[in-house]
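The next block holds one structure in the form of structure tokens; read it before the comments.
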There are 2 protein chains.
Amino acid sequence: MKNNPANFYSHELCPIRGILDRFGDKWSILVILLLGDQKDPIRFNEIMATIGDISQKMLTVTLRSLEADGLVVRKQYAEIPPRVEYTITPLGSSLLPHIDGLAKWAVKNQDAVMKMRKKFSTKRKAA
Amino acid sequence: MKNNPANFYSHELCPIRGILDRFGDKWSILVILLLGDQKDPIRFNEIMATIGDISQKMLTVTLRSLEADGLVVRKQYAEIPPRVEYTITPLGSSLLPHIDGLAKWAVKNQDAVMKMRKKFSTKRKAA
DNA sequence: CAGTATCCCTTCCGATACTG
DNA sequence: CAGTATCGGAAGGGATACTG
């Protein structure tokens, strides 16, 4: 990201926003990480159960948007009861190391961040 | 992120959410990238001008939360008119490569994603 | 210059009920 | 089982006016 032309960040030029805004919701990153961890396709209800506190609605919405971006494949079987399986795509996998890096950073630095937050809030109260 | 104990993603255990939720807003990632690119401290209004379409309110809020997390330092000079300068911290810098990776991914794959989105939306209308 | 404070609209998202 | 539809509260965030 170094050495950009004059204003990389501006509204008109920024190539990042349209893509990354998509991950700025509550669940996308988590779902991608989870799908990236699977060696086999995983079913809708399995994902729900694994995350635990995601609503059916939000899981549907999240998976649809990931599917629309080409990060996830949805495969539906004509059975009764229905079975739907989700898999990460190569494009999704190529994203994985980066959010994995983010996640690892979060794990490694969570204590530091929490400490800073606490310190900051007490300092603010004093002022 | 491989080889986690049974349920890394669940509500109670996930160490990621409390940290990464913070970057799930509209501006944090962009501001960190921008600050990471500076070799000198940068002033409030410079940041505003560089981004272009961020409101004063949201820039303040964003910088405060980054400061609270220890990712950014705010230095205020007792002058009139006031001068306030922002710098990224070592902790913030340690995060930089990861969101830089994300940003680079976004740049590289934006065409692919856009194409997938278009394809998906037409396919959906057909159904 | 670098903020606060307020208003208000929009989007997010959970809860619930219903369906092929 | 894997959704869809609808409602309503909560949070996000822009516009504007004001201030040390």
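We name chains A, B, ... by the order of the sequence lines, and we start the count at 1 in each one.
- If you check dT4(C), dA15(D), dA17(C) against the side chain of K57(B), the one that comes closest is dA15(D).
- As rounded to whole Å, 13 Å separates atom C1' of dC13(C) from atom CG of L59(A).
- For the atom pair CZ of R17(B) and NZ of K26(A), the computed distance is 8.0 Å after rounding to the nearest 0.5 Å.
- Contact between the side-chain N/O atoms of R43(B) and the OP1/OP2 oxygens of dA2(C) is found at a separation under 4.0 Å.
- Put simply, the residue from L63(B), D25(B), T50(B) that forms a side chain to side chain contact (heavy atoms under 4.5 Å, CB included) with V31(B) is L63(B).
- Distance from the side chain of T60(A) is smallest to dT4(D) among dA2(C), dT4(D), dG20(C).
- The distance from atom CE of M48(A) to atom P of dG3(D) is 11 Å, rounded to the nearest whole Å.
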Exercise. After noting the C-alpha distance and the side-chain angles of E85(B) and Y77(B), does the key distance pass the side chain to side chain donor-acceptor pair (under 3.5 Å) rule?
Worked result: CA-CA 8 Å; E85(B) 290 180 346; Y77(B) 296 86; 3.2 Å; yes
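- Atoms CD (Q56(B)) and C1' (dA15(D)) sit 11 Å apart, rounded to a whole Å.
- Summarising the base pairing, dC7(D) is matched to dG14(C) through a Watson-Crick or G-U wobble pair whose two defining distances lie under 3.5 Å.
- Between the CD atom of E79(A) and the C1' atom of dG20(C) there is a distance of 15 Å, given to the nearest Å.
- Out of dG14(D), dC13(C), dA17(C), the shortest distance to the side chain of W27(B) is found at dG14(D).
- If you measure from atom CD1 of I29(B) to atom P of dG12(D), you get 16 Å, rounded to the nearest angstrom.
- Contact check on D111(A) versus K115(A) returns no salt bridge, with no Lys/Arg side-chain nitrogen under 4.0 Å from an Asp/Glu carboxylate oxygen.
- In this structure, Y86(B) does not reach the dC1(C) phosphate: none of its side-chain N or O atoms is under 4.0 Å from OP1 or OP2.
- Within the structure, every side-chain polar atom (N or O) of R74(A) is placed at least 4.0 Å from both OP1 and OP2 of dA2(D).
- Closest contact between the side chain of V84(A) and the listed nucleotides dA2(D), dG3(C), dG14(D) involves dA2(D).
- Across all strands shown, the partner of dG20(C) is dC1(D), judged by Watson-Crick or G-U wobble contacts whose two distances both fall under 3.5 Å.
- OP1 or OP2 of dG12(D) has not a single side-chain nitrogen or oxygen of R22(B) nearer than 4.0 Å.
- Listed nucleotides dG3(D), dG14(D), dA2(C) differ in distance to M58(B); the shortest reach to its side chain belongs to dG14(D).
- Distance, I42(B) CD1 to dC1(C) P: 15 Å, rounded to whole Å.
- Side-chain contact between R22(B) and S65(B) is present, with heavy atoms from C-beta onward closer than 4.5 Å.
- OP1 or OP2 of dG14(D) sits under 4.0 Å from a side-chain N or O of K26(B).
- Between the P atom of dG3(C) and the CD atom of E85(B) lies a distance of 12 Å, rounded to the nearest Å.
- The side chain of N45(A) lies closest to dA2(D) when the candidates are dG3(C), dA2(D), dC1(C).
- The nearest whole Å value for the distance from the CD1 atom in I80(B) to the P atom in dG3(C) is 15 Å.
- Atom NZ in K75(B) sits 8.0 Å away from atom OG1 in T87(B) (nearest 0.5 Å).
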